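In what follows, a single structure is set out as structure tokens and then discussed.
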Amino acid sequence: MFETQYNEEMEAEVRRLEAKKRAADAGHPEWDNACASCGSQIAGTADRFCGTCHR
């Protein structure tokens, strides 16, 4: 049980760091996330693409 919780927390942290890097790469280090395709700001860190690029 502890191992599962640890893995989930680490996966969430990796997603957060990747999202922060995408934002910095898009030229906005103050954002939490940016679209991997067009570079627009995305709320949250769960998605890599905005609604427009995801389609």
Side-chain angles (χ1 to χ4, degrees):
M1 180 163 159
F2 174 76
E3 186 175 323
T4 301
Q5 180 182 356
Y6 177 81
N7 288 343
E8 290 171 358
E9 289 174 2
M10 288 300 106
E11 288 172 9
E13 181 66 8
V14 167
R15 283 192 307 273
R16 187 188 71 76
L17 291 171
E18 288 174 342
K20 192 70 173 168
K21 183 174 182 335
R22 280 193 300 276
D25 290 348
H28 296 280
E30 71 278 8
W31 291 356
D32 289 330
N33 196 2
C35 178
S37 180
C38 70
S40 63
Q41 187 174 15
I42 302 174
T45 59
D47 297 318
R48 293 186 64 227
F49 298 100
C50 66
T52 303
C53 294
H54 186 66
R55 296 178 200 172

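Model, not experiment: these values are computed from the prediction.
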Distance from Q5 atom CD to E9 atom CD, nearest 0.5 Å?
4.5 Å

Atom CD of E30 with >12 non-hydrogen neighbours under 6.0 angstrom:
yes

Residues in ring-ring contact (aromatic ring centres under 6.0 Å, His included) contact with H28, at least two apart in sequence or another chain
W31

Any chance you could measure K20, atom NZ, to N33, atom CG, to the nearest 0.5 Å?
10.0 Å

Could you tell me which non-hydrogen atom of I42 sits nearest to which non-hydrogen atom of D47, and how far apart they are?
CD1-O, 4.2 Å

Between R15 and E18, does any NZ, NE, NH1 or NH2 come within less than 4.0 Å of an OD or OE carboxylate oxygen?
no

Can you tell me how far the SG atom of C35 sits from the CD atom of Q41, to the nearest 0.5 Å?
12.0 Å

So, taking the atom named OG in S37 and the one named CZ in R48, what distance separates them when rounded to the nearest 0.5 Å?
10.0 Å

Distance-minimising heavy-atom pair for A34 and G39:
CB-O, 3.9 Å

